[in-house]
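Just so it is clear: chains get the letters A, B, ... in the order the sequence lines come, proteins before strands, and each one is counted from 1.
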Number of protein chains: 2
Amino acid sequence: MKRVNPARRIQSDLEADIRSGRLRPGDRIPIEQDLAGQYGCARATVSKALGELTAAGLIERRRKAGSFVAHPPVHSAVMTVPDLAELIEARGETYRWEGRSVRTLGDAKDRESPPVLRIEGVHFGGDDPFALEDRIIELSEVPSAADVDFKRQAPGTWLLAQLPWTEARHAIRAVGAKSAEARALQVAAGTACLELERDTWRSGRSITHVRQLFPGDRFDLVAEFGNSPA
Amino acid sequence: MKRVNPARRIQSDLEADIRSGRLRPGDRIPIEQDLAGQYGCARATVSKALGELTAAGLIERRRKAGSFVAHPPVHSAVMTVPDLAELIEARGETYRWEGRSVRTLGDAKDRESPPVLRIEGVHFGGDDPFALEDRIIELSEVPSAADVDFKRQAPGTWLLAQLPWTEARHAIRAVGAKSAEARALQVAAGTACLELERDTWRSGRSITHVRQLFPGDRFDLVAEFGNSPA
DNA sequence: CACCCCATTATGTCTAGACATAATATCGAA
DNA sequence: TTCGATATTATGTCTAGACATAATGGGGTG
């Protein structure tokens, strides 16, 4: 038995056994001591391999009890949320942002309605409207936003460069375009659209809230995934 | 300086520095040797901590060059794709599956069109149709599916218990309900619906393909996420 | 000046052994 | 029989030191 990268060998052997069904959910994996003997390596090495399999959601480890093949192969998908400009340019089209309305709302003195910037605009791919955007930026968190001309600069791209977020929540649903929205997107009223609503935070404090509306035929959200987010 | 869980301390200290912006993307992190001295622990311990930060997408490590704060805080979301039955019951409604059509297609001898089971049906939450499903199951991969009565048993739930998948691909888009679909879902034709198309594989071999159609007002896909998929 | 080779450096991986910790199994007492 | 203390066991974490490996920066050569 060659001793190249024992950790990887253990990991990929077990992974193969699990994926192929030779090891089934709930099955017990030999204890680390035995695996170490079997592969001729130290227990720490086995432990590292098992640790990575745990992170990948393939196995579950319990003190004293041992390690087991994880139960329901986790149903979580890693969804990539790309920058719109990048996405459109990747398609070979020219990206353009058209700011329609930029207003400052709220008041620093009023705790109930802190000062925010409200921006509405349209993302274009070539000559076609690609998405309608309605965004609110918390000025208390991003004061420099007040000095930017969001009629010309897309707020998403700017914000990202300025102050990347650390937490977010997305809601995705299908809605019919209202007449004003339909006009902006150059589609018929009632056209099925994908609505993406995103709240982002940094260190627990809200930065921005955005609602994007994509005509159904112009956008697919794709989520790819195996078990490991690696 | 207390020496409790040095690995975690290093990890959370760096994480705090990065999230707060004290360390900015591209910044260099002290070399492992120095961190080890600073925290009074072994280099292996520092290495483990940095390894986990790498997995979480917070830092990037390069041989000889050193470790750096990762560039664009990764925009990947962990999206949970729950079992429909579970989801509806979690809402306090009664789940019911109504199989509408179950047919066997294809031929074992024909390589171009292997034998498959095609199932159409509707998921109900209480008395309301919740989703329309159109599914194809590869009989060569799941032969026992031929013996199940999918008019009564929901195929998704059954398949999951039978043969969990290891890879999948989702496409999400908005479409208007066609008239037959609208009838089945008891909504007006053209109503905006969320279309979820999922292909699943096990060890690289296709198991099932499913298309689910949700009336826009009855379903929200929600993706929650910080940076770490942990 | 351009190019290739090599020493240096920081990460990557591993070992053997130690102690900590949590969960289970066992045994004794009420 | 049931409950609670205790021993056992397998994972969790750490250390100090070793060697491997890849990338960089420099130096020498054409």
Side-chain angles (χ1 to χ4, degrees), chain A residues 1-15 17-18 23-71 74 228-230, chain B residues 1-15 17-18 23-71 74 228-230:
Chain A
M1 186 189 298
K2 274 197 300 183
R3 265 186 59 237
V4 273
N5 253 15
R8 301 234 180 239
R9 266 178 53 79
I10 297 170
Q11 210 179 317
S12 61
D13 281 7
L14 284 175
E15 198 166 332
D17 281 352
I18 292 170
L23 282 174
R24 302 181 55 87
D27 281 3
R28 184 174 182 161
I29 288 169
I31 66 166
E32 300 187 353
Q33 208 63 257
D34 291 358
L35 280 175
Q38 209 171 300
Y39 282 86
C41 66
R43 187 174 75 88
T45 308
V46 176
S47 187
K48 198 195 171 192
L50 296 189
E52 265 156 47
L53 287 173
T54 305
L58 282 177
I59 68 171
E60 199 183 326
R61 303 164 88 184
R62 261 178 294 141
R63 278 186 154 120
K64 152 80 186 177
S67 299
F68 304 86
V69 177
H71 218 18
V74 198
S228 62
Chain B
M1 191 188 297
K2 274 195 300 182
R3 266 187 58 237
V4 274
N5 255 15
R8 301 235 178 238
R9 266 178 53 80
I10 297 170
Q11 211 178 318
S12 60
D13 280 7
L14 284 175
E15 199 165 330
D17 281 351
I18 292 170
L23 283 175
R24 304 181 55 87
D27 281 3
R28 183 174 183 159
I29 288 168
I31 68 166
E32 300 187 353
Q33 209 62 258
D34 292 356
L35 280 175
Q38 209 171 299
Y39 281 87
C41 67
R43 187 174 74 89
T45 307
V46 176
S47 188
K48 199 196 169 189
L50 296 189
E52 266 156 47
L53 288 172
T54 305
L58 283 178
I59 69 171
E60 199 184 324
R61 302 165 87 184
R62 261 178 293 141
R63 278 186 154 117
K64 152 82 187 174
S67 300
F68 304 84
V69 176
H71 228 347
V74 199
S228 61

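- Under the salt bridge (charged side-chain N to carboxylate O under 4.0 Å, His left out) criterion, B:D34 pairs with no residue, sequence neighbours left out.
- Distances from the side chain of A:A44 to the nucleotides D:dT13, D:dT11, C:dA16 place C:dA16 closest.
- Atom-to-atom, CD of B:E60 to P of C:dA10 comes out at 17 Å; the value is rounded to the nearest Å.
- For B:Y39 and D:dT13, the OH to C1' distance is 17 Å, given to the nearest whole Å.
- Listed nucleotides C:dT11, D:dA16, C:dT13 differ in distance to B:A42; the shortest reach to its side chain belongs to D:dA16.
- Rounded to an integer number of Å, the gap from B:K48 NZ to D:dT13 C1' is 6 Å.
- Between B:R9 and B:T45, the side chains place no donor N or O within less than 3.5 Å of an acceptor N or O (distance only, hydrogens not considered).
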### Query
Which letter, B, S or -, goes with each nucleotide of nucleotides 18-23 of chain D from 5' to 3', with contact meaning a protein heavy atom under 4.0 Å?
B--BSB
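- For the OP1/OP2 pair of D:dT11 and a distance below 4.0 Å, the side-chain nitrogens and oxygens of A:S67 include at least one atom meeting the criterion.
- Proximity of A:N5 to the phosphate of C:dT13: no side-chain N or O atom is located under 4.0 Å from OP1 or OP2.
- Within 4.0 Å (heavy atoms only), A:S47 reaches at least one base atom of the nucleic acid.
- Rounded to whole angstrom, the span from the CD atom of A:E32 across to the P atom of C:dT15 amounts to 13 Å.
- The separation between B:I29 atom CD1 and C:dA10 atom P is 15 Å, rounded to whole Å.
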